[in-house]
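Notes to accompany the following structure.
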There are 2 protein chains.
Amino acid sequence: MPPARRSRTPSPSSSSGPADRPALHLTRFLPYRLSVLANTVSHTLAKLYEKRFGITIPEWRIIAVLGGGETMSAGEIAQRTAMDKVQVSRAISRMLESALILRESGDTDRRKALLTLTPKALAIYAEIVPMALTYEEEATDALSIDERAQLDTLLSKLQARADQLAARPAPVSAQAEPVEE
Amino acid sequence: MPPARRSRTPSPSSSSGPADRPALHLTRFLPYRLSVLANTVSHTLAKLYEKRFGITIPEWRIIAVLGGGETMSAGEIAQRTAMDKVQVSRAISRMLESALILRESGDTDRRKALLTLTPKALAIYAEIVPMALTYEEEATDALSIDERAQLDTLLSKLQARADQLAARPAPVSAQAEPVEE
DNA sequence: CCATTTTAGTTTCGTTTGAAACTGTTGCAA
DNA sequence: TTGCAACAGTTTCAAACGAAACTAAAATGG
């Protein structure tokens, strides 16, 4: 079937009629497409990581940011991985159990715990990074050099805008009023 | 700060040394970027939908595909929304409770239930679609016409490839062996 | 026909999630 | 100082999730 163009501005001339209602095709709707794509990709990688290393995506992210051997606090990890502190806290306790991470409380500030990867986790890092990069390469191997650059630009612009829109307080207009008209 | 280029192929000349290890910066890693972006967008929309209409994203998706007034089965909805049947089933039972959907069992095949939106849901549809399109417009308003076309192309290509990679059975090589060393 | 398999959808169960409450620690200000 | 607000991180609780088991109905085929 043909891609069925969306009718955002049906025609300035027409004054009414059912065709005037703006239509929405889910498969052309950006948030939907992003969600499905990100889901597909994450799910594939999650299975890969789980099968090979027995770790989850949050754990992988932590390994990714600590993989250089640095030490940082849970809060810093949260920032760098775009996860919230609850998620980080839980991932860390799993990693403590599986001896992937080392925690020692800082002496200057006993609230902050200093976290470092164990050699076991560093070994995973060494092996998982090429695996992740290979996946990324495969996912984009149908794209030209130009397209990859475009993708980079577009994702950055969209993320910046999405952050703005997320920060904006809910639009003043309609709030929990019953649907009228 | 400069975009910090990734060193995939550090230098063909060097034979060893710590700098040879492929590095990975999460913020440059496509799956991570997609996940964060999709999350930001979905979260913003979810709050919007919840505040204004008291519905969740799965419910919104169902409304979106039935919004034209069509009738279809749960399975068909699942296909069109890329949700699995469990998710659809649960969303439908919520919608039955809140009188957003009507279910009548088909006479030719009593396994399939025919689902239709109630007028209440159609009213939501009429109001939510412009809202969704406005969000989409705002999210992309920093993009040129060309860039929007590029985005469309890129998302389609990436999704197609991601689907292939997801369908592929896990790579033959390493499976659940412990990391040694 | 009856038995078996397939299909549609629901339920169950264990896990994951996110928001909010909570604990302990530090910084600040009266 | 001590009292209070801010901060780092954990726990709790209820909702949401996914995989697998389950129920019911239709299709298949012997």
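The interatomic distance linking A:Glu76 (CD) with D:dA8 (C1') rounds to 13 Å, in whole Å. Atom CD1 in A:Ile57 sits roughly 17 Å away from atom P in D:dC17 (whole-Å rounding). What separates CD of A:Glu50 from C1' of D:dA19 is a distance of 14 Å, to the nearest Å. D:dT10 atom P lies 16 Å from atom CZ of A:Arg110, rounded to whole Å. Whole-Å rounding puts the A:Met95 CE to D:dG9 C1' distance at 17 Å.
A:Glu76 is linked by a side chain to side chain donor-acceptor pair (under 3.5 Å) to nothing, counting only residues two or more places apart in sequence or in another chain.
Of the possible donor and acceptor atoms, one in the side chain of A:Arg148 sits under 3.5 Å from a partner among the backbone N and O of A:Thr140. The backbone N or O of B:Asp152 lies less than 3.5 Å from a partner atom in the side chain of A:Arg33, making a donor-acceptor pair. Proximity of a side-chain donor or acceptor of A:Glu136 to a complementary backbone N or O of B:Leu30 within less than 3.5 Å is detected. In this structure a side-chain-to-backbone donor-acceptor pair under 3.5 Å is present from A:Thr134 to A:Pro130.
Residue order along DNA chain D, read from the 5' end via each residue's closest nucleotide, puts A:Leu96 first among A:His43 and A:Leu96.
Residue contacts shown for A:Ser73 are limited to sugar-phosphate atoms, with no base heavy atom under 4.0 Å away.
A heavy atom lying under 4.0 Å from DNA chain C marks none of the residues of residues 97-105 of chain A. Within residues 80-89 of chain A, the residues that place at least one heavy atom under 4.0 Å from DNA chain D are, in residue-number order, A:Lys85, A:Val86, A:Ser89.
Here the shortest heavy-atom pairing between A:Ile101 and A:Thr116 reads CG1-O, 3.2 Å. Nearest heavy atom pair, residue B:Leu34 against residue A:Ala38, reads O-CB, 3.6 Å.
Axis angle across the helix from C:dC1-D:dG30 to C:dA30-D:dT1, with five pairs used at each end and values rounded to 10°: 0°.
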Given A:Arg94 and A:Glu59, is the salt bridge (charged side-chain N to carboxylate O under 4.0 Å, His left out) satisfied, shown in steps?
CA-CA 8 Å; A:Arg94 279 196 300 270; A:Glu59 291 169 49; 2.5 Å; yes
Identify all pairs in which a protein N or O lies below 3.5 Å from an N or O of nucleotides 5-7 of chain D, and state each distance.
| residue | atom | partner | partner atom | Å |
| --- | --- | --- | --- | --- |
| D:dC7 | O2 | A:Arg111 | NH1 | 2.9 |

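The OG1 atom of A:Thr71 sits 7.5 Å away from the CG atom of A:Leu66 when rounded to the nearest 0.5 Å.
For DNA chain C, the contact window with chain B, defined by any atom under 4.0 Å from a protein heavy atom, covers C:dT7 to C:dA19 in 5' to 3' order.
Between B:Tyr49 and B:Trp60, the ring planes lie tilted relative to each other; the angle falls in the 30° to 60° range.
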